[in-house]
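This report concerns only the one structure given below.
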Amino acid sequence: MIDFELQGEYIPLIQLLKATNLVQTGGEAQIVVTEGEVKYNGQVDYRKRLKVKKGDVVEFRKQTIRII
């Protein structure tokens with residue numbers, strides 16, 4: 001479990017994946033989202049520009065990110 005402390009109102013999903021070092025580049029992040037490898041609050045989500053906010057949970061490659 002990764003606890004990510006949000007600075008501000010939200011973080012785009014692509015930036016979150018990069019900030020937690022689960023992907024190396026923004027391009028890689030876009031690909032994994034487009035291919036349905038990311039779950040947002042328990043459901044697969046294909047939106048690259050998704051605004052992740054406090055209380056949300058993102059799952060990717062057996063890692064869970066909790067936004068605090």
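The chain is numbered in sequence order, starting from 1. In this text, all values refer to a predicted model and were calculated from it rather than measured experimentally.
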- Looking only at non-hydrogen atoms, find the nearest pair between Val23 and Ala29 and report the distance. CG2-CB, 3.7 Å

- From Phe60 atom CZ to Leu17 atom CG, the distance as rounded to the nearest 0.5 Å: 6.0 Å

- Task: Report the C-alpha separation of Thr20 and Val58 in whole Å, then their side-chain angles, then the decisive distance to 0.1 Å, and conclude whether the side chain to side chain contact (heavy atoms under 4.5 Å, CB included) test is met.
- Result: CA-CA 11 Å; Thr20 53; Val58 175; over 6 Å; no

- From Ile65 atom CD1 to Leu22 atom CG, the distance as rounded to the nearest 0.5 Å: 4.5 Å

- Message: Keeping Gln15 on the side-chain end and Ile11 on the backbone end, is there a donor-acceptor pair under 3.5 Å?
- Response: no

- Contact summary for Lys18 and Thr25, nearest pair of heavy atoms: CD-C, 3.6 Å

- Which distance, rounded to the nearest 0.5 Å, do you find between the CZ of Arg66 and the CG of Leu6? 14.0 Å

- Could you give the distance from OG1 (Thr64) to CG (Asp3), rounded to the nearest 0.5 Å? 10.5 Å

- Report the distance from atom CD1 of Ile31 to atom NZ of Lys48, rounding to the nearest 0.5 Å. 9.5 Å

- Item | Residue pair Leu50, Val33: steps toward the side chain to side chain contact (heavy atoms under 4.5 Å, CB included) verdict | CA-CA 10 Å; Leu50 175 66; Val33 171; over 6 Å; no

- Message: Quick check on Arg61: does its CZ atom have over 12 non-hydrogen neighbours (other residues, nucleotides or ligands) under 6.0 Å away?
- Response: yes

- Check: Val57 main-chain N/O paired with Asn41 side-chain donor or acceptor under 3.5 Å: yes

- Considering all heavy atoms, the nearest Phe4-Ala19 contact: CE1-CB, 3.8 Å

- Does OH belonging to Tyr10 count more than 12 external heavy atoms closer than 6.0 Å? no

- Is the shortest heavy-atom distance from the side chain of Val38 to the side chain of Val32 under 4.5 Å? yes

- Message: Return the CD1 to NZ distance between Ile68 and Lys54, rounded to the nearest 0.5 Å.
- Response: 8.5 Å

- Item | Pair Leu13-Arg47, side chain to side chain contact (heavy atoms under 4.5 Å, CB included): steps then yes or no | CA-CA 8 Å; Leu13 179 58; Arg47 295 177 287 172; over 6 Å; no

- Can you check side chain to side chain contact (heavy atoms under 4.5 Å, CB included) on Lys53 and Ile67, steps first, answer last? CA-CA 7 Å; Lys53 300 177 181 176; Ile67 311 304; over 6 Å; no

